[in-house]
Amino acid sequence: MNTFSSFLKSEMSKNNYSQNKFAKEIGVSSYYLGQLIKGEKRPPSRNIQNKIVETLNFDEIQKSKFYDLIAKEKNDIPSDIYNEIKESNNWNEIRKRLKE
């Protein structure tokens, strides 16, 4: 499983979610979710990513893998890291750590 779509499909299956039920839980249309699962759409927004993580109750390992797969496909920063940086009020500390 090296893509966001295959990981999502597998996790939905493990948690006994149908496409319709899961779409309703995370607040998207079943059609859109189907496109995500098939890899026809790029991974979703950070907001939807966070809803997926919450709904599937990912542990830290699953969460990291999930966010890393999305970041790789979107050529972006993983959402968990982005959220931590965004909520930080200490920009100088972040800059210092990046230089280490």
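Since we're looking at a predicted model, the values are computed, not measured. Because only heavy atoms are used, hydrogens play no part in the values below, and waters and symmetry mates are left out as well, while side chains stay in.
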| said: Applying salt bridge (charged side-chain N to carboxylate O under 4.0 Å, His left out) as the test, list every pair that has at least one member in residues 70-90; sequence neighbours left out. | reply: R46-D76
| field | Flag side-chain contact, heavy atom, 4.5 Å: V28 against K51 | value | no
| said: Is it the case that the side chains of E25 and T55 hold a donor-acceptor pair, with the cut-off being a distance below 3.5 Å and no angle test? | reply: no
| message | Using side-chain heavy atoms (C-beta onward) and a distance below 4.5 Å, is I85 in contact with W91? | response | yes
| From L8 atom CG to L56 atom CG, the distance as rounded to the nearest 0.5 Å | 7.0 Å
| query | Going from OG on S30 to CD on Q35, what distance comes out if it is rounded to the nearest 0.5 angstrom? | reply | 10.5 Å
| query | Does N83 reach the side chain of N50, with side-chain heavy atoms less than 4.5 Å apart? | reply | yes
| message | Return the CG to CD1 distance between N47 and I26, rounded to the nearest 0.5 Å. | response | 10.0 Å
| task | Identify whether the distance between the nearest side-chain nitrogen and carboxylate oxygen of E11 and K14 falls below 4.0 Å. | result | yes
| said: Salt bridge or not between K96 and E100? Use side-chain N to carboxylate O under 4.0 Å. | reply: no
| field | salt bridge (Lys or Arg N to Asp or Glu O under 4.0 Å) against R95, all qualifying residues, sequence neighbours excluded | value | none
| request: Working to the nearest 0.5 Å, report the span between CD of E54 and CD1 of I52. | output: 11.0 Å
| request: Evaluate the side-chain proximity of P43 to F66: yes if any heavy-atom separation is below 4.5 Å, no if none is. | output: no
| message | Tell me every residue that passes salt bridge (Lys or Arg N to Asp or Glu O under 4.0 Å) with K63, counting only those two or more places apart in sequence or in another chain. | response | E60
| message | Is there a side-chain contact between K65 and I61 in this structure, where contact means two heavy atoms from C-beta onward sitting under 4.5 Å apart? | response | no
| message | Just so I know, are the side chains of Y67 and I81 near enough to count as touching, which here means a heavy-atom distance under 4.5 Å? | response | no
| request: Please check if the distance between the ring centroids of F7 and F58 is under 6.0 Å. | output: yes
| Between P44 and L36, which heavy-atom pair has the shortest distance, and what is it? | CD-CD2, 4.0 Å
| Side chains of F22 and N15: does their closest heavy-atom pair fall under 4.5 Å? | no
| Is it true that atom NZ of K9 has more than 12 heavy atoms of other residues, nucleotides or ligands lying nearer than 6.0 Å? | no
| field | Distance, nearest 0.5 Å, that separates OG of S5 from NZ of K41 | value | 14.0 Å
| query | Should Y31 and I48 be regarded as members of a common hydrophobic cluster, given that ILVMFWY residues are connected when their side-chain heavy atoms come within less than 4.5 Å of each other, either directly or indirectly? | reply | no
| task | Locate the shortest heavy-atom distance separating Q19 from L33; write the atom from each residue and the value. | result | O-CD2, 3.3 Å
